[in-house]
Amino acid sequence: MGSMTASTGRRVLLAAPRGYCAGVDRAVIAVEKALEQYGAPIYVRHEIVHNKYVVQTLEKKGAIFVERTEEVPEGNIVMFSAHGVAPVVHEEAARGRLATIDATCPLVTKVHKEAVRYANDDYDILLIGHEGHEEVIGTSGEAPEHIQLVDGPEDVAKIEVRDPEKVVWLSQTTLSVDETMETVDALKTKFPGLISPPSDDICYATQNRQLAVKQMGAEAELVIVVGSRNSSNSKRLVEVAKLAGSRAAYLVDFAAEIDESWLDGVTTVGVTSGASVPEVLVEEVLEWLSVRGYGDVELVKAAEESIIFSLPKELRRDLRDEAAALMAARGGSGAGE
Ligand code: 0CH
Ligand code: SF4
């Protein structure tokens, strides 16, 4: 490795942790398992995770991605994505006589439960998150009449609450930690009685990936983040890298999207990937860099991760009645093509 290194000094800093978090791993395996157990097609409402390659790969195996529950033909199986859904979506599925498999990350479900609890206690809930993002739509749907969205510090001025002594903030799981703290500070200035969530809503994976990219951003002139454009946590990594000091940071889905000119005058390249990104895509980027003289790879390790989630309950227990009925209708064979 890197016989050129001594003369050129070119190197790659590789973030750890990066890539798949426990919630994504579980959700992607869940689709694969569902395809194995019940056969194609398996409908998935919304991209199971926000990654182009993952979606394309699962489509080839027989998954069909839809945006609305109503698009799923009656009597089929529909999976809910890792980002979670509002309760009304469960009702839509029941109305459409669909069997459901819920791949919502348990850490998103945790935030849903917090929302329900504070709504039941009649709090005003200030949900920090990005407008229009699937997760925020799902969480807000738990208690629409109690929840207001706060999309960054600039939104704080317009927020009004019924009783400033009964306000709590919650958040999307994939936000920038630093920007969220700015928003919280602004909210606290306005509402000194504001209560914080019982535990961090921004999840461990989001936090750790930002920590690692922050460390590398201080040293790397260029940071390449592998991830899709609609992936909130991946986009945050680009922002965090720049704030940490890297001259430039880019989001790419594939190595082929990297522009050679980005390397001009660059000695140290940082590489990381979002929580929805398979490692094979990072390997391709490392290969692309290695061919261009950046073959010396150093790990920047910010945290250890060992968390694993068990599969959605619908895939763990024996067939649910509705899924069993569905299989009977398909001719009784478990493993479809
Ligand atoms: O970062 P976002 O939430 O856009 O989603 P992703 O890229 O699919 O990553 C996984 C997070 C899923 C829900 O927390
Ligand atoms: Fe769960 Fe966090 Fe991964 Fe989202 S990013 S799926 S909340 S572990």
Side-chain angles (χ1 to χ4, degrees), residues 15 17-73 76-85 89 98 100-105 108 130 132-135 137-138 173-174 205-206 209 224-238 250-259 271-289 309 311-312 315 335-337:
R18 63 179 177 281
Y20 272 21
C21 59
V24 165
D25 196 42
R26 167 186 191 260
V28 173
I29 293 175
V31 180
E32 286 164 352
K33 279 253 179 221
L35 283 163
E36 266 169 46
Q37 279 185 26
Y38 306 115
I42 295 291
Y43 288 83
V44 184
R45 187 184 175 284
H46 196 69
E47 292 187 352
I48 186 73
V49 297
H50 292 149
N51 186 81
K52 219 184 246 182
Y53 176 87
V54 169
V55 167
Q56 283 169 190
T57 307
L58 291 172
E59 267 171 352
K60 282 185 205 132
K61 293 183 181 173
I64 298 176
F65 292 90
V66 297
E67 278 311 309
R68 296 170 53 251
T69 319
E70 291 76 15
E71 293 171 62
V72 184
N76 273 280
I77 297 176
V78 65
M79 289 190 65
F80 299 138
S81 78
H83 317 92
V85 294
V89 174
L98 306 173
T100 60
I101 299 174
D102 191 353
T104 303
C105 176
V108 172
H130 297 298
H133 189 281
E134 198 62 20
E135 182 183 323
I137 295 170
T173 58
T174 49
T206 301
R209 278 149 195 70
I224 297 172
V225 178
V226 187
S228 291
R229 308 229 80 80
N230 58 345
S231 167
S232 168
N233 79 86
S234 306
K235 285 202 310 214
R236 293 321 133 222
L237 295 176
V238 173
Y250 299 99
L251 187 65
V252 298
D253 259 300
F254 303 102
E257 291 171 13
I258 305 173
D259 192 324
V271 175
T272 188
S273 56
S276 45
V277 179
E279 188 59 10
V280 61
L281 301 177
V282 173
E283 283 161 11
E284 282 172 18
V285 168
L286 294 177
E287 180 56 31
W288 189 97
L289 287 167
F309 294 128
L311 285 175
L315 293 167
E337 286 305 306

Quick one: closest heavy-atom pair of [X] and [Y], and the distance?
X	Y	value
N76	P41	OD1-CG, 4.2 Å
V54	P278	CG2-CG, 3.7 Å
N51	S276	CB-O, 3.1 Å
V226	L251	C-CD1, 4.3 Å
L35	A63	CD2-N, 4.1 Å
V89	F80	CG1-CE2, 3.5 Å

Does [X] have any side chain to side chain donor-acceptor pair (under 3.5 Å) partners at least two apart in sequence or in another chain, and if so, which?
X	result
R18	E279
H133	none
N233	S231

Exercise. Let me know which of L315, I77, I42 forms a side chain to side chain contact (heavy atoms under 4.5 Å, CB included) with Q37.
Key: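 So, applying the side chain to side chain contact (heavy atoms under 4.5 Å, CB included) to Q37 and each of L315, I77, I42, only L315 qualifies.
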Quiz item: Taking only residues two or more places apart in sequence, or in another chain, which ones meet E70 in a salt bridge (Lys or Arg N to Asp or Glu O under 4.0 Å)?
Solution: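 Salt bridge (Lys or Arg N to Asp or Glu O under 4.0 Å) list for E70, sorted by chain: R68.
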Side-chain heavy atoms of [X] within contact of [Y], under 4.5 Å:
X	Y	value
V44	V66	no
T100	M79	no
L286	V271	yes
I101	Y38	yes
S273	V282	yes
I224	V252	yes
K52	F254	yes

Quiz item: Taking only residues two or more places apart in sequence, or in another chain, which ones meet Y250 in a side chain to side chain contact (heavy atoms under 4.5 Å, CB included)?
Solution: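 Per chain and number, Y250 pairs via side chain to side chain contact (heavy atoms under 4.5 Å, CB included) with L222, A248, W262.
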Self-check item: All side chain to side chain contact (heavy atoms under 4.5 Å, CB included) counterparts of E134, not counting sequence neighbours
Solution: R45, H46, H83, I137
Self-check item: Under 3.5 Å donor-acceptor, R209 side chain and P17 backbone
Solution: no
Quiz prompt | T173 side chain vs V108 backbone, donor-acceptor pair below 3.5 Å | solution =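 No, T173 side chain to V108 backbone: no donor-acceptor pair under 3.5 Å.
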Could you tabulate the donor-acceptor pairs under 3.5 Å formed by side-chain atoms of residues 21-33, not counting sequence neighbours?
from	atom 1	to	atom 2	distance (Å)
R26	NE	S310	O	2.7
R26	NH1	T104	O	2.9
E32	OE2	K61	NZ	3.3

Quiz prompt | Test side chain to side chain contact (heavy atoms under 4.5 Å, CB included) applied to L58 and I48, step by step | solution = CA-CA 9 Å; L58 291 172; I48 186 73; 3.7 Å; yes
Quiz prompt | salt bridge (charged side-chain N to carboxylate O under 4.0 Å, His left out) contacts in which one or both residues fall within residues 228-237, not counting sequence neighbours | solution =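 Only R236-E239 qualify under salt bridge (charged side-chain N to carboxylate O under 4.0 Å, His left out).
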Exercise. Just jot down the ring-ring contact (aromatic ring centres under 6.0 Å, His included) partners of H130, sequence neighbours excluded, or say none.
Key: none
Self-check item: Contacts of type ring-ring contact (aromatic ring centres under 6.0 Å, His included), residue Y20, not counting sequence neighbours
Solution: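 Once residues adjacent in sequence are excluded, Y20 has no partner under the ring-ring contact (aromatic ring centres under 6.0 Å, His included) criterion.
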Quiz item: Would one find more than 12 heavy atoms of other residues, nucleotides or ligands at under 6.0 Å from atom OH of Y53?
Solution: no
